[in-house]
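Atoms within a ligand are numbered from 1 in the order they appear, just like the ligands themselves. Heavy-atom basis, side chains included; hydrogens, waters and symmetry copies ignored.
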Amino acid sequence: MRFLPALLILAALAFADSKASGNPNIILINIDDLGYADISPFGGKVPTPNLDRMAQEGMKLTSHYAAPVCSPSRAAMMTGCYPKRVLPIGGVLFPAAAVGLNPNEITIAEVLKPEGYATACIGKWHLGDQPEFLPTAQGFDSYFGIPYSNDMGPRSDGSKSNPDKPIPAAPENKKAPKKAANANAKAEDGDEVGLRGDHQPPLPMIDGTKPPERVKAAEQHEMTRRYTERAVSYIREHQDKPFFLYLPHNAVHFPHYPQKEFMGKSGVSLQKDWVMEVDWSIGKILDALRELKLDSETLVIFTSDNGGPLQQGADNTPLRGGKGSTMEGGMRVCTIAWWPGKIAGASTTNVITSHMDWLPTFAAIAGGKVPSDRKIDGIDLSPLLLGDRLAFQARETFFYYRGFTLEAVRTGPWKLHLASKELYDLDSDPGEADNLSTAMADKVTELAALAETMKDDLGLKGAEAPGVRPLGRVKSPKPVIAP
Ligand SMILES: [Ca+2]
Ligand SMILES: [Ca+2]
């Protein structure tokens, strides 16, 4: 028995050391389909005071790139690689897909876990809904959330319409063969990416190994609040050890389901009401960190998974285009990094950054290892965030892929759209309005040559290319909740 106190002291010392040697907590908040100017620190007209304060106390990243749509964006974020390298599909994943992010890929959670991190994913995963593909198979200790988009359920459950609109009538050919439902599918993707349209099973809320809940309209309204409460509880429960919390909200993807108290609050639209609820959520999380005195030892990133969809009322001002495109409005996302005492307050960087950079950045901050047995495209942003600009190795070129196709390339301020040969100076013209290709023919040639460098790596079009790694695959995928 006399050994016990000594052991406890040793354990306490070891624990104290792990904190002191710099294992900050990391919270990565990823909003779905949030437009560049949907929030007030990026010029949005609807007030988002908690995000204003976050930006005031942190750094805005104004040239931060995601991908045009959900699944590829999340694949890049989790693995530090271009989406085509790790999740070669033409569009996004649907329910009961036979494919997903390969379990052999190494996620941020798998990089941080060996460094002593507790890991949790709360929200929308969208990298495969089969057990082999879920967060708990990719380094996360726990998962709570809808594994894909909130519009991928039955129309009778309210998944295809906003709460202020009647549920649209089912098409007459509801019993039509699966192929008809796939008519809108990208030509490159077959049935293996899952069930579309009226073939989609009920939306599932997964909570560890409990039987999944069916999410109907009433549950959609509660989703953001529940994710937030789970996140705050998680922070409280893990305040004494380093944690990585990935919080990908289903908000603000169509259909727009703010909590009832937020409906009508913006005076603009349900989409903007939901943006205001997201701001409330951020306030709850940052307040919890402040209250627990964890703010000086927690890095929080706020971002979006792709540009805002203009047809759903998102605002990407001053950028051109929206979700689904490789115009800046489709891929450049509003991003804030917050770590009081470490990241300078009210700072801004216009350096090219991307979701691929979070894995190397978090690894650097946590003392973790970036995988060395495979190609990683992301760069370590920690010197940029922490104000050590001389140590920062900037990215020279960024490649804009949509599905399998390389559509544009950027170096410095210059961006070339490959098909149309439009050339823009993004520093002076982020809205891509003034095509300089005639005046700057040499730049066009230079950027076209940079695009060619991808030929022997990820390829310029088509699924096959030397640098593309295999998808994860299961034989008999099943819906999480049977229809
Ligand atoms: Ca999205
Ligand atoms: Ca893995």
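Nearest N/O/S atom of Glu105 relative to the Ca ion (ligand 2): this is O.
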Worksheet item: Stepwise, does the salt bridge (charged side-chain N to carboxylate O under 4.0 Å, His left out) test hold for Lys415 with Glu422?
Response: CA-CA 8 Å; Lys415 177 178 179 184; Glu422 288 164 70; over 6 Å; no
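Salt-bridge annotation for Asp273 and Lys265: absent, with no side-chain N of the basic residue lying under 4.0 Å from a carboxylate O of the acidic one.
Summarising the geometry of Ser149 relative to Cys70, their closest heavy-atom pair is OG-SG, 4.3 Å, with the distance given to 0.1 Å. Considering all non-hydrogen atoms of both residues, Arg469 and Lys375 come closest at NH1-O, 3.2 Å.
The Ca ion (ligand 2) has an N, O or S atom of Gln138 inside 3.0 Å of it. Not a single N/O/S atom of Ala137, whether from backbone or side chain, sits less than 3.0 Å from the Ca ion (ligand 2).
If you check the side chains of Tyr424 and Arg410, you find no donor sitting under 3.5 Å from an acceptor. Side-chain contact annotation: Asn306 with Ser73, donor-acceptor N/O pair under 3.5 Å absent. In the model, Glu328 has a side-chain atom that pairs as donor or acceptor with a side-chain atom of Tyr400 under 3.5 Å.
If you look at the Ca ion (ligand 1), the protein N, O or S atoms less than 3.0 Å from it are Asp32 OD1, Asp33 OD1, Cys70 SG, Asp305 OD1, Asp305 OD2, Asn306 OD1.
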